[in-house]
Asks: 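Please see the structure below; I have some questions.
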Amino acid sequence: MRIVVVGAGGVGGSVAAIAARREFVECLVVADVDPARAQAVADRAGDPRVVAARVDASDPDDVAALLAAYRADALLNATDPRFVMPLFRAALAARVTYLDMAMSMSVPHPERPHELTGVKLGDEQFALHDDFVDAGVLALVGMGVEPGLSDVFARYAADHLFAEIDELGVRDGSDLVVPGRAFAPSFSIWTLIEECLNPPVVWERDRGWFTTAPFSEPEVFDFPAGIGPLECVNVEHEEVLLIPRWVDARRVTFKYGLGSRVIEVLRTLHELGLDSTTPVRVGDVHVSPREVVAACLPDPATIGPEMTGRTCAGLWVRGTGTDGAPREVYLHHVVDNAWSMAEYGCQAVVWQTAVNPVVALELIASGAWSGAGVLGPEALDAVPFLDLLTDYGSPWALREGG
């Protein structure tokens, strides 16, 4: 398979490191608006199949030209959500398989943002479903770890563990720390702000999609692998918009173990207007406050050597088991930063995000996964994915009792 990865940040670099070990890859082009950054990723991969290129992710014509130049079979979007739609449209125009790890951006309801949905995550992409079907092209959206692996877990639970599901609840948490840094996000601050300050979405069978206030419905969830109990709160995330389309459940939620310190920082950024993407005049230039915040923080791709701890992504499922008895499980995937750094030179969060689209690409290359249109991971058979993820040396686990 010939793959173009757009974005040479932490996740793009991890994709290259993981894919370089797999035989299904014929060519992997790492493309970025900064050619030096793309070249650095290619050099670190140390494989002649991994090459660098420059591309403007905001320009569909530029992206389409790159796809044609390298005869790409697939485009993997490893950029932040601002660039989803131009890359999505470029893949459609070029008729190549598209994958991303974050979907098109939401817009809150103008009058009742903490009750009703406005433009939902992924709405712009699902609006083009018929166009992808007509072109015979697969767009596999939300195929990172969250969203992504938890969606695969939802499919697996519905097919193999439960006769009826009351709730599918994504629960993510970590004990990752960077000594000496009070606030050092392990992934893009742009994404963190977007997820945590937008109104969270909940889905219920009798109500459909609705919203709540940021950081709502706090609960303590006990994470495995020694991470322990963390306070989790509602956060806007794609799983809630994806899972109900293909998996039957009474309720779907997403809660993240952010911790009080992160919540405090995010609230302060919002109160000061530093989460805004609207440029403001500073002297003789106009700058986006959010971009200034991002520039002041450490690059998530570079903090791995300083970081310690583990990250856990998983899905809590409650309902009636296949034997007719009540059942509660937590399907999860844990990555230790010490392991991912030693094995791949990548910090845990970006590695955990990156491994899942590479697994998906291998399944698509082999024909084990196929389709046309805009599909989420839960639309496809979970077993081949979970088996191959284990073959990559990063097994998943199931804990009875939630």
Side-chain angles (χ1 to χ4, degrees), residues 80-81 84 100-109 113-123 141-142 144-151 153-154 167-176 183 185-204 209-223 227 229-244 249 251-271 275 277 290 293 300 311-317 330 332-333 349 352-353 376:
D80 70 57
V84 164
D100 62 31
M101 294 160 275
M103 297 176 66
S104 60
M105 297 170 70
S106 64
V107 179
H109 190 279
H114 298 154
E115 300 174 54
L116 304 177
T117 59
V119 177
K120 301 186 299 299
L121 291 170
D123 275 357
V141 296
V145 61
E146 308 290 32
L149 182 56
S150 56
D151 303 74
F153 284 150
E167 182 166 354
L168 293 163
V170 181
R171 299 292 185 268
D172 287 0
S174 78
D175 60 0
L176 295 169
F183 184 70
S186 54
F187 59 97
S188 164
I189 185 62
W190 182 285
T191 303
L192 183 65
I193 288 173
E194 199 69 26
E195 290 177 352
C196 296
L197 294 179
N198 280 350
V201 180
V202 176
W203 186 87
E204 293 180 357
W209 285 294
F210 62 94
T211 57
T212 69
F215 313 121
S216 60
E217 298 183 1
E219 67 175 53
V220 175
F221 190 84
D222 188 16
F223 289 91
I227 296 171
L230 294 173
E231 184 178 72
C232 297
V233 293
N234 279 327
V235 169
E236 181 192 47
H237 230 254
E238 287 89 344
E239 294 92 330
V240 179
L241 285 311
L242 287 170
I243 289 173
R251 194 169 195 259
V252 182
T253 58
F254 181 99
K255 292 189 179 183
Y256 196 5
L258 291 169
S260 59
R261 174 59 176 161
V262 172
I263 292 173
E264 177 187 354
V265 169
L266 291 171
R267 280 180 169 153
T268 301
L269 291 175
H270 180 62
E271 288 168 2
D275 61 325
T277 60
R290 193 183 298 187
V293 172
T311 183
C312 177
L315 182 73
W316 166 70
V317 190
Y330 182 57
H332 58 278
H333 182 253
V349 174
Q352 188 183 45
T353 302

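Basis for what follows: all heavy atoms, side chains included, without hydrogens, waters or symmetry-related copies.
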Asks: Kindly write out the residues that satisfy ring pair (Phe, Tyr, Trp, His ring centres under 6.0 Å) with H237, not counting sequence neighbours, or none if the list is empty.
Replies: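 In terms of ring pair (Phe, Tyr, Trp, His ring centres under 6.0 Å), with neighbours along the sequence ignored, H237 is linked to F254.
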
Asks: If only atom types and distance count, is the side chain of Q352 paired as donor or acceptor with the main-chain N or O of H333 below 3.5 Å?
Replies: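 At least one qualifying donor-acceptor pair exists.
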
Asks: Kindly write out the residues that satisfy side chain to side chain donor-acceptor pair (under 3.5 Å) with E146, not counting sequence neighbours, or none if the list is empty.
Replies: S150

Asks: Using side-chain contact (heavy atoms from CB on, under 4.5 Å), reason through V252 and E239 one step at a time and then give a plain yes or no.
Replies: CA-CA 8 Å; V252 182; E239 294 92 330; 5.6 Å; no

Asks: Evaluate the criterion side-chain contact (heavy atoms from CB on, under 4.5 Å) for residue pair V84 and M105; output intermediate values, then yes/no.
Replies: CA-CA 8 Å; V84 164; M105 297 170 70; over 6 Å; no

Asks: With sequence neighbours left out, write down each residue that passes side-chain contact (heavy atoms from CB on, under 4.5 Å) with E219, or none if nothing qualifies.
Replies: R171, F221, C232, K255

Asks: Sequence neighbours excluded, which residues qualify as side chain to side chain donor-acceptor pair (under 3.5 Å) partners of T311?
Replies: none

Asks: Any donor and acceptor pair, going by atom type alone, linking the side chain of W203 with main-chain N or O of A249 inside 3.5 Å?
Replies: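 Side chain of W203 to backbone of A249, a donor-acceptor pair under 3.5 Å: no, none is there.
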
Asks: Do you know which of T117, L241, V119, N198 makes side-chain contact (heavy atoms from CB on, under 4.5 Å) with S106?
Replies: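 Only one option passes, and that is N198.
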
Asks: What pairs with P214 under side-chain contact (heavy atoms from CB on, under 4.5 Å), at least two apart in sequence or on another chain?
Replies: H114, P200

Asks: List for me each residue that meets salt bridge (charged side-chain N to carboxylate O under 4.0 Å, His left out) alongside D123, sequence neighbours excluded, and say none if there are none.
Replies: K120

Asks: Please list, chain by chain and in numerical order, all residues satisfying side chain to side chain donor-acceptor pair (under 3.5 Å) with N234, sequence neighbours excluded.
Replies: S216, E217

Asks: Just jot down the side chain to side chain donor-acceptor pair (under 3.5 Å) partners of H332, sequence neighbours excluded, or say none.
Replies: none

Asks: With a cut-off of 3.5 Å and sequence neighbours excluded, list every side-chain donor-acceptor pair involving residues 263-271.
Replies:
residue: T268; atom: OG1; partner: E264; partner atom: O; Å: 2.9
residue: H270; atom: ND1; partner: D275; partner atom: OD2; Å: 2.9

Asks: Within the 4.5 Å heavy-atom criterion, are D222 and P229 side-chain neighbours or not?
Replies: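 Counting from C-beta outward, D222 and P229 do come under 4.5 Å.
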
Asks: Is a side-chain N or O of T211 found less than 3.5 angstrom from the main chain of L116, in a donor-acceptor match?
Replies: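 It does hold such a pair.
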
Asks: Distance check, rounded to the nearest 0.5 Å: W316 atom CH2 versus Y330 atom OH?
Replies: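 Taking CH2 in W316 and OH in Y330, the distance rounds to 12.0 Å.
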
Asks: Would you please name every residue forming a side-chain contact (heavy atoms from CB on, under 4.5 Å) with I227, sequence neighbours left out?
Replies: D175, F223, L230, R310, C312

